[in-house]
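A short worksheet on the structure shown next.
Just the heavy atoms: all of them, side chains too, but no hydrogens, waters or symmetry mates, feed the values below. Keep in mind that what you see is a predicted model, and the values were worked out from it rather than measured.
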Amino acid sequence: MTDNVVHLFKDPTIEEPTTPAVPLKVAPEPSQRSRPVRVFIRTRRAVVGAAKHEKTRTAARVTVRHGAYVLGGTRVTVRRAWDGRTGARYERLLRAAEAAGNYEAAGEWEERLHRFRSERHKRRMDLLTAPQHVAKSAAIGAAGGIGGLIAIGIALAIATKDPADVFTPLMALIELIRLLVVIVQIVWGPLMAVGPFLALAGLWAVGRQRATAPQWALPVNQRSDDAGAPITPSIVVTALRDLGIAPLRKAIKEMGDAGAAMLGPIRIAGCGVEVDVTLPSGVSTAEVQQRRKKLAENLNRHEHEVFITIPEAARTVRLWIADSGALDEPIGPSPLVTDPSMTADYVKGRAPWGLDLRGDAAELSMYQRMLLITGKSNQGKTAALRALALWLALDRRVEFRIADLKGVGDWGMFDGLATVLIQGPTDEHVISATEMVEGIVAEMERRVQAPPGTKFDPLIGIVDEAQVAFMCPAVGKDKRPYGGSKATSRYFMAVRKIHNQGRAVDVLLWEGTQDPTDQNLPKLVREGAHTRISLVLGTESQARMALGDSAVDGGAAPHLLRQGLDKGTVVVASDGIKIPAGQPSITARTHYIDDTAAAEVAQRAKDLRDGVTTLAAVEREEDDRDPLGDIATAIGDEPRMFTQDVLKRLTALAPETYGTWTNGDLKRVLEDVGEEPKKSHGRMVVHRDHVHRALANRDTDGSASTAN
């Protein structure tokens, strides 16, 4: 019924609008919902990829580089113009001279500044009257010029008999001026168009020449390495300011010269530079020393390329800063290898050992100096010690007795050069080495008992890897240990005796050891060495044991050397080497002499001598000895030998038996068999043939006089 009512009131002439059907909303597929997100992600990736593309980066670097050239060139040009027009340059140099404490130069720059200002004032005053002078000069010049041209025209008219030629020169000048104006009108437009570009090109060239672009914008082959940048006062002051020491940073900020007054002159020192820094009040030298690594990094250097020492001046540290990478370069061969004619002098000579950090020769005197060298294994300790012995071997007066307790042949070239050569790491070798040192003690005591003024040939005892001897657990029949650091230790007590008295009679002991500690290198032994040398060590405490507290407090730092990279680099505390005034030690790089070259040097030393019989070990007494047979062993292959040399070799052979022997004891044994020593050229000698004849003729039962 409702529909009928609606139709009754509806006008049939009016068309009813049709309502479109509303479609049902159907949920899109999952793939359709994620499509806009995926498009966004792909677009973002494309943009990021394009931004990170190498071509984009190259274009950005080119744009920044050339823009920086123009801006930097503008800055440089403006500053040059400002310096040329004002006294800024003189004021800058005046402040720098005052900061450096060079008041003479400061006075000279002040005088130049005053002269510049006076001349500038005079020029400005002259400008006030310049227009009058210019106008007057122009009027006079124009009148004179026109008059001259008319005079030329008159002469020309007389010559041509044409009155019109009087004005010909003047008209020619006017035509020339018109032509110049035409040329300027033609050129002016293009010149104004090209001029700005020429100016930009000029500024770009100045900026490129002064390298005003940032490093990252330069091509790879043109980028400079900051690590190799030269050391300047501003770099040093900035490095000190950024050390993290608050009083130092505050003092630098408060200084009117920005800290330049702290610095002495920067001097070239070998493969680096050296500068003294006077610290402000409230800053100790120890604080700067403790920050060596940070200071090196602030100076764009590695830690091993910066050395801090304490000179004599109060509150002053001396910085030695190496050229980047210079310490990794080899220093060249030893003069021992390159100069076959080189000889040695124990008393007055110095061993050509290497070069110090300043590039000067590091030469070491060994006259009456006990020596101790320490360092980690495989860092060049034996090579450094052997180089000293090889040089000293070129003095034919020097006798060597060597115990190599590593036993790998490092000292093998001394066979035939040393009177005793023990090589091996076992307890048996330590026992032999101990008895060798005790034999050196016996020789020292014999010399001490000689009349005053008696001259002796130098006797050098060398114990390499001495920690093996100190750590040896072996005990002798008398219940005394060979190793250890107590008063009952045979090796320790023998070393102490040599340290106490040996220097006076030219009996010296050199020791080499690894990683010094109180267990393998007792304090009394360390302190007894006059020359103390250290290679790479692990800790500061070991460095103090090796070199002493005063050397480490003064800047010696073998524990900061690089293991494996600084082989052969030594820190030396000794009065036998030239050390800069006020420093307790010096760091040097030693020449490396390999085994082949060492054998050649040793052969030259052997050629200087008459021949040396080397004992491979010191025999220990277990039964009664045969003195006559031992005398024959001591003489060896030599046809004859001085009685003093026979006694030395007998002492080395059996120190407990022959250590107290005198010439009278030797003479008694030989007289008993009818072959007493004979005199040759004023000295008593023992003939080899006589001894062998006595051995052949003695009783058939083999009895012989025994030692008492």
Side-chain angles (χ1 to χ4, degrees), residues 331-356 360-371 373 382-402 410-421 440 443 447 454-462 464 502-503 505-510 512 530-531 533 568 570 572 574-578 588-614 638 641-642 644-645 648 681 683:
I331 64 171
S334 169
L336 284 175
V337 178
T338 59
D339 185 5
S341 63
M342 176 174 287
T343 58
D345 187 338
Y346 163 74
V347 177
K348 300 179 180 179
R350 290 176 178 266
W353 204 24
L355 299 177
D356 64 16
D360 299 328
E363 299 178 333
L364 184 63
S365 171
M366 289 163 283
Y367 176 62
Q368 293 187 343
R369 291 179 176 87
M370 307 290 176
L371 186 146
I373 183 169
T382 297
L385 182 61
R386 189 177 66 183
L388 296 175
L390 286 170
W391 176 80
L392 196 56
L394 296 175
D395 185 341
R396 59 178 300 172
R397 301 170 299 171
V398 179
E399 178 189 353
F400 290 97
R401 300 182 188 180
I402 301 173
D410 289 337
W411 295 86
M413 67 289 301
F414 279 81
D415 189 6
L417 187 58
T419 54
V420 177
L421 179 59
I440 296 174
E443 170 63 17
R447 294 184 179 190
T454 304
K455 299 295 183 182
F456 301 100
D457 289 340
L459 172 58
I460 309 295
I462 301 175
D464 197 7
R503 179 175 178 271
V505 290
D506 289 318
V507 174
L508 306 178
L509 183 65
W510 298 355
H530 306 95
T531 296
I533 306 166
V570 295
V572 186
S574 171
D575 61 350
I577 192 171
K578 184 179 179 181
R589 295 188 291 164
T590 59
H591 297 293
Y592 175 67
I593 304 176
D594 59 28
D595 291 345
T596 302
E600 294 175 357
V601 177
Q603 185 58 50
R604 297 208 310 264
K606 294 174 186 177
D607 294 340
L608 296 175
R609 303 167 189 252
D610 296 332
V612 175
T613 301
T614 300
E638 296 189 17
M641 182 178 291
F642 294 126
Q644 291 293 336
D645 293 336
K648 290 180 184 179
H681 300 288
R683 295 185 63 180

Pairs meeting criterion salt bridge (Lys or Arg N to Asp or Glu O under 4.0 Å) with involvement of residues 382-393, two or more places apart: R386-D595

Sequence neighbours excluded, every pair satisfying salt bridge (Lys or Arg N to Asp or Glu O under 4.0 Å) that has a member inside residues 387-400: D345-R397, D395-R397, R396-D610, E399-R401

Can you name the residues that form a salt bridge (Lys or Arg N to Asp or Glu O under 4.0 Å) with [X], not counting sequence neighbours?
| X | value |
| --- | --- |
| D575 | R369 |
| E638 | R649 |
| D356 | none |

Listed partners of W391 passing ring-ring contact (aromatic ring centres under 6.0 Å, His included), at least two apart: none

Partners passing ring-ring contact (aromatic ring centres under 6.0 Å, His included) against F414 (at least two apart in sequence or in another chain): F400, W411

Do [X] and [Y] touch side chain to side chain, with heavy atoms closer than 4.5 Å?
| X | Y | result |
| --- | --- | --- |
| P340 | E600 | no |
| L388 | I373 | no |
| L385 | L371 | yes |
| M342 | P352 | yes |

Residue pairs, two or more places apart or on separate chains, that pass ring-ring contact (aromatic ring centres under 6.0 Å, His included) and touch residues 334-353: Y346-Y367

Minimum heavy-atom separation for [X] and [Y], please, with both atom names.
| X | Y | answer |
| --- | --- | --- |
| M370 | H530 | N-ND1, 2.9 Å |
| T338 | P333 | CG2-CG, 3.6 Å |
| I331 | G354 | CD1-CA, 4.3 Å |
| T590 | A384 | OG1-CB, 4.4 Å |
| I402 | A418 | CD1-CB, 4.0 Å |
| A351 | M366 | CB-CE, 3.7 Å |

With distance as the sole test, does [X] use its side chain to make a donor-acceptor pair with the main-chain N or O of [Y] at under 3.5 Å?
| X | Y | result |
| --- | --- | --- |
| K606 | D415 | yes |
| R350 | G576 | yes |
| R683 | Q644 | no |

Partners of [X] by side chain to side chain donor-acceptor pair (under 3.5 Å), sequence neighbours excluded?
| X | answer |
| --- | --- |
| Q603 | D607 |
| D410 | K406 |
| D339 | S341 |

Spacing of CG belonging to L336 relative to CD1 belonging to I593, to within rounding of 0.5 Å: 4.5 Å

Spatial distance of atom CG (L355) from atom CD (E363) [nearest 0.5 Å]: 10.0 Å

Among L509, V398, I440, the one residue meeting side-chain contact (heavy atoms from CB on, under 4.5 Å) with I460: V398

Contacts of type side-chain contact (heavy atoms from CB on, under 4.5 Å), residue R447, not counting sequence neighbours: E443, F456, L459, V505, D506, V507, K648

side-chain contact (heavy atoms from CB on, under 4.5 Å) between L417 and R609, intermediate numbers included: CA-CA 8 Å; L417 187 58; R609 303 167 189 252; 3.3 Å; yes

